[in-house]
Asker: 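There's a structure below that I have some questions on.
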Amino acid sequence: MAIWSVVRRKVFNGCNSSYSSSIIGKSWKCKSSTASHTRYYGALSKETSVFVRGSPVSLPCYLGSSLSSNAIMSRVTVPYNHTFNTSIRLFSSDEGGSVDAVVPYMGESISDGTLATILKKPGDRVEADEPIAQIETDKVTIDVSSPTAGTIEKIVAKEGDTVEPGFKIAVISKSSGAATNVEDSEKKPEETKPEKKEEKPKPVAEPPPSPKVETSPPKEKSRAPPPPPPASGASPREPQLPPKDRERRVPMTRLRKRVATRLKDSQNTFALLTTFNEVDMTNLMKLRSEYKDAFLEKHGVKLGLMSGFIKGAISALQNQPVVNAVIDGEDIIYRDYVDISIAVGTPKGLVVPVLRNVEQMNFAEIEKEINRLAKKATAGTISIDEMAGGTFTISNGGVYGSLLSTPIINPPQSAILGMHSILNRPMVVGGEVMSRPMMYIALTYDHRLIDGREAVLFLRRIKDVVEDPRRLLLDI
């Protein structure tokens with residue numbers, strides 16, 4: 001190692017003049033660089049590689065030192081006939097760069113979407129995983145997140161564009177601080193150039209004389225009368241709806257189109273039939289009022305009526321497995337699990353999140369899962385996986401004041417339960433007329449698979465469980 005350190009000092013310190021020195025009794029010479037020789041400089045450290053018996057050894061050459069072109073890749077003879085090859089390799093670092101923000105994978109059944117909203121603009125600072133745009137699909141709204149922290153250089157797509165997974169939305173600069181410094185330094189020299197260019201634009205800036213020709217605006221005013229022709233031309237193009245005053249045309253959102261298509265397909269595919277019953281809510285409401293405070297204190301969630309109906313639906317589905325089944329071609333698929341979909345109305349449309357393996361949940365777990373999914377659905381952050389599947393659906397139109405309705409099946413399910421508002425009505429109880437809180441319930445089912453007997457028994461089981469929740473404890 002000592003010999004190599006001496007060789008290294010002699011190689012780099014001796015390149016400025018001819019000299020000779022004794023190393024282990026041998027003489028060693030280095031060619032000096034002349035003015036005619038090319039000098040090599042590096043912004044960062046240069047590295048000289050010395051190969052000894054086929055193995056590389058790195059010798060640093062510091063900033064500002066010069067090596068002649070002959071010195072590069074030169075052969076130097078040292079004792080014992082060992083040969084050294086020297087070369088230079090320049091290094092540079094690039095801490096900047098840009099990254100593309102692209103549309104993420106949207107799910108197996110979703111091939112494209114519409115760029116609904118762009119949340120950021122060029123020049124805005126973004127953090128990693130921060131949403132910069134929103135894409136509306138047939139089922140859910142998906143965020144396009146920034147892959148890294150930095151500054152948005154430019155937005156490539158426009159609102160309303162149809163995009164697919166992998167489509168570029170924006171370009172993000174990683175090194176915002178360094179980039180701005182470089183841009184500032186680049187702008188300074190460029191500012192001098194535009195000054196020269198400004199002289200050229202001066203003639204180009206001759207458009208001001210064009211405004212002097214104020215005869216053109218009158219021509220535009222003459223364009224004002226043409227509105228009548230477009231109206232006449234629009235009538236043949238849109239014969240379905242003649243133009244009227246105080247009307248406006250707005251394109252349907254993808255979610256609304258999807259809902260409309262699925263509902264119509266449901267009507268065209270299934271043999272829909274609806275059966276009704278009514279439920280006395282006295283005991284369930286009494287149970288709720290007595291234990292709601294203790295339930296909230298222990299579980300951190302309010303006790304609602306929906307969990308009671310879900311428990312009743314689970315019991316009914318287990319008693320009538322055909323309601324939980326579905327037709328697939330010429331076969332019937334029976335499911336030994338219960339995944340209940342809950343219809344939730346949102347500002348953007350109807351979504352149906354799924355409570356999975358709900359037969360294994362208690363009242364508290366059901367209420368917590370309903371609240372979690374409902375909040376995500378309302379905020380538009382619910383994922384496609386959380387809405388996929390489902391073996392049975394419950395729709396509660398009573399929250400909007402619906403007294404009675406005939407819900408439509410959510411394919412590929414075979415039945416849907418409709419809940420409605422609670423109203424006090426006169427009922428005969430024990431031979432006496434009493435005011436009771438009553439609710440109408442409706443079951444729409446696919447009559448190709450489910451007969452009227454199974455549908456009526458299904459509703460009857462829900463009625464029995466809701467009117468007397470103790471049946472759940474005794475399993476009767």
Asker: For Ala149 versus Glu127, what's the shortest heavy-atom pair and its separation?
Answerer: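 Of all heavy-atom pairs spanning Ala149 and Glu127, the closest is CB-OE1, 3.8 Å.
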Asker: Applying ring-ring contact (aromatic ring centres under 6.0 Å, His included) as the test, list every pair that has at least one member in residues 328-347; sequence neighbours left out.
Answerer: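 Non-adjacent pairs meeting ring-ring contact (aromatic ring centres under 6.0 Å, His included): zero.
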Asker: Thr406 and side-chain contact (heavy atoms from CB on, under 4.5 Å): which partner among Thr275, Ile416, Leu273, Thr274?
Answerer: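 Single pass found, and it is Thr274.
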Asker: Between the side chain of Asp100 and the main-chain N/O of Val102, is any donor-acceptor distance below 3.5 Å?
Answerer: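 Between the backbone of Val102 and the side chain of Asp100 there is no qualifying donor-acceptor contact (under 3.5 Å).
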Asker: Using modelled atom types and a 3.5 Å cut-off, is there a donor and acceptor pairing between side-chain atoms of Glu159 and backbone atoms of Ile118?
Answerer: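 Yes; at least one donor-acceptor contact below 3.5 Å.
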Asker: Just by distance, do the side chain of Asn324 and the backbone of Arg335 share a donor-acceptor pair under 3.5 Å?
Answerer: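 Answer holds: yes.
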Asker: Which pair of non-hydrogen atoms, one from Leu115 and one from Ala133, has the smallest distance, and what is that distance?
Answerer: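 Heavy-atom minimum between the residues: CD1-CB, 3.8 Å.
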Asker: Test of understanding: with side-chain hydrogen bond (donor to acceptor under 3.5 Å, both in side chains), list the residues that count as partners of Arg448, not counting sequence neighbours.
Answerer: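 side-chain hydrogen bond (donor to acceptor under 3.5 Å, both in side chains) check on Arg448 returns Asp446.
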Asker: Locate the shortest heavy-atom distance separating Pro122 from Glu153; write the atom from each residue and the value.
Answerer: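 Here Pro122 and Glu153 meet closest at CB-O, 3.7 Å.
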Asker: Whether the side chain of Thr444 engages the backbone of Pro407 through a donor-acceptor N/O pair (distance < 3.5 Å, no angle test) should be reported.
Answerer: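 Such a contact is found between Thr444 side chain and Pro407 backbone.
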Asker: Taking Asp280 for its side chain and Glu467 for its backbone only, find out whether a donor-acceptor pair lies under 3.5 Å.
Answerer: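 Between the backbone of Glu467 and the side chain of Asp280 there is no qualifying donor-acceptor contact (under 3.5 Å).
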Asker: Quick one: which residue pairs count as a salt bridge (charged side-chain N to carboxylate O under 4.0 Å, His left out) with a foot in residues 290-313, not counting sequence neighbours?
Answerer: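 Residue pairs passing salt bridge (charged side-chain N to carboxylate O under 4.0 Å, His left out), neighbours aside: none found.
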Asker: Is there a donor-acceptor pair under 3.5 Å between the side chain of Thr114 and the backbone N or O of Ala116?
Answerer: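 No: the side chain of Thr114 does not pair with the backbone of Ala116.
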Asker: Kindly state each residue pair satisfying ring-ring contact (aromatic ring centres under 6.0 Å, His included) with at least one member in residues 349-392, sequence neighbours excluded.
Answerer: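 Output for this query lists Phe392-Phe458.
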Asker: Please find the pair of heavy atoms, one from Ile409 and one from Ser414, that lie closest to each other, and give the distance.
Answerer: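 Between these two residues, the closest heavy atoms are CD1-O, 3.4 Å.
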Asker: Measure the spacing between CZ of Arg460 and CD of Gln320 and express it to the nearest 0.5 Å.
Answerer: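 Answer for the CZ-CD pair, Arg460 versus Gln320, is 13.5 Å.
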Asker: Just jot down the side-chain hydrogen bond (donor to acceptor under 3.5 Å, both in side chains) partners of Ser395, sequence neighbours excluded, or say none.
Answerer: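 Counting only residues at least two positions away or on another chain, Ser395 forms no side-chain hydrogen bond (donor to acceptor under 3.5 Å, both in side chains).
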Asker: Would you mind writing out the side-chain donor-acceptor pairs for residues 418-427 within the sub-3.5 Å range, not counting sequence neighbours?
Answerer:
| residue | atom | partner | partner atom | Å |
| --- | --- | --- | --- | --- |
| His420 | ND1 | Tyr440 | O | 2.7 |
| His420 | NE2 | Ser405 | N | 3.0 |
| His420 | NE2 | Ser405 | OG | 2.8 |
| Ser421 | OG | Ser402 | O | 3.1 |
| Arg425 | NH2 | Glu278 | OE1 | 2.5 |

Asker: Would Glu367 and Ser307 count as having a side-chain donor-acceptor pair, cut-off 3.5 Å?
Answerer: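 The criterion, which ignores hydrogens and geometry beyond distance, is satisfied for Ser307 and Glu367.
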Asker: I need the minimum non-hydrogen distance between Ser315 and Leu472, along with the two atoms involved.
Answerer: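 Shortest heavy-atom contact: CB-CD2, 4.5 Å.
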Asker: For Leu443 and Ala455, work out which heavy atoms get closest and say how close.
Answerer: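 Smallest interatomic distance, heavy atoms only, reads CD2-O, 3.7 Å.
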Asker: Sub-3.5 Å donor-acceptor pair from the side chain of Asp161 to the main-chain atoms of Ala157, do we have one?
Answerer: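 Such a contact is absent between Asp161 side chain and Ala157 backbone.
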Asker: With ring-ring contact (aromatic ring centres under 6.0 Å, His included) as the rule and sequence neighbours excluded, what pairs involving residues 249-307 come up?
Answerer: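 Residue pairs with at least one partner in residues 249-307: Phe295-His299.
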Asker: Per the salt bridge (charged side-chain N to carboxylate O under 4.0 Å, His left out) rule, what does the pair list look like for residues 372-395, sequence neighbours excluded?
Answerer: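 Passing the test, one end in residues 372-395: Glu369-Arg372, Arg372-Glu386, Lys376-Glu386.
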Asker: Please identify each residue that fulfils side-chain hydrogen bond (donor to acceptor under 3.5 Å, both in side chains) with Arg470, with sequence neighbours left out.
Answerer: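 Counting only residues at least two positions away or on another chain, Arg470 forms a side-chain hydrogen bond (donor to acceptor under 3.5 Å, both in side chains) with Asp468.
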Asker: Is there a donor-acceptor pair closer than 3.5 Å between any side-chain N or O of Ser266 and the backbone N or O of Arg262?
Answerer: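 Flag not set: sc Ser266 to bb Arg262 has no pair under 3.5 Å.
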Asker: Has Asp124 got a side-chain atom pairing as donor or acceptor with Lys121's backbone, closer than 3.5 angstrom?
Answerer: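 A pair under 3.5 Å: yes.
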Asker: Does Asn362 reach the main-chain N or O of Ala364 with its side chain, forming a donor-acceptor pair under 3.5 Å?
Answerer: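 Indeed, once roles are kept as given, a pair shorter than 3.5 Å links the two residues.
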Asker: Show your reasoning for whether side chain to side chain contact (heavy atoms under 4.5 Å, CB included) applies to Leu417 and Thr393.
Answerer: CA-CA 6 Å; Leu417 175 67; Thr393 298; over 6 Å; no
Asker: In chain order, what residues pass the side-chain contact (heavy atoms from CB on, under 4.5 Å) check against Asp112, with sequence neighbours excluded?
Answerer: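 With sequence neighbours excluded, Asp112 shows a side-chain contact (heavy atoms from CB on, under 4.5 Å) to Thr162, Glu164, Arg254, given in chain and number order.
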Asker: Do the non-hydrogen side-chain atoms of Thr269 and Pro411 ever get within less than 4.5 Å of each other?
Answerer: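 A side-chain contact is absent here, since even the closest heavy-atom pair is not under 4.5 Å.
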Asker: Return the set of residues passing side-chain hydrogen bond (donor to acceptor under 3.5 Å, both in side chains) with Thr346 (not counting sequence neighbours), or none when no residue passes.
Answerer: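 With sequence neighbours excluded, Thr346 shows a side-chain hydrogen bond (donor to acceptor under 3.5 Å, both in side chains) to no residue whatsoever.
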Asker: Using a 3.5 Å cut-off and no angle test, enumerate the donor-acceptor pairs between side-chain atoms of residues 431-439 and protein atoms at least two apart in sequence or in another chain.
Answerer:
| residue | atom | partner | partner atom | Å |
| --- | --- | --- | --- | --- |
| Arg436 | NH1 | Thr282 | OG1 | 3.1 |

Asker: Can you see whether Ser341 engages Gln413 through a side-chain donor-acceptor pair at a distance of less than 3.5 angstrom?
Answerer: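 Yes, because at least one side-chain N or O of Ser341 sits under 3.5 Å from a partner of the opposite role on Gln413.
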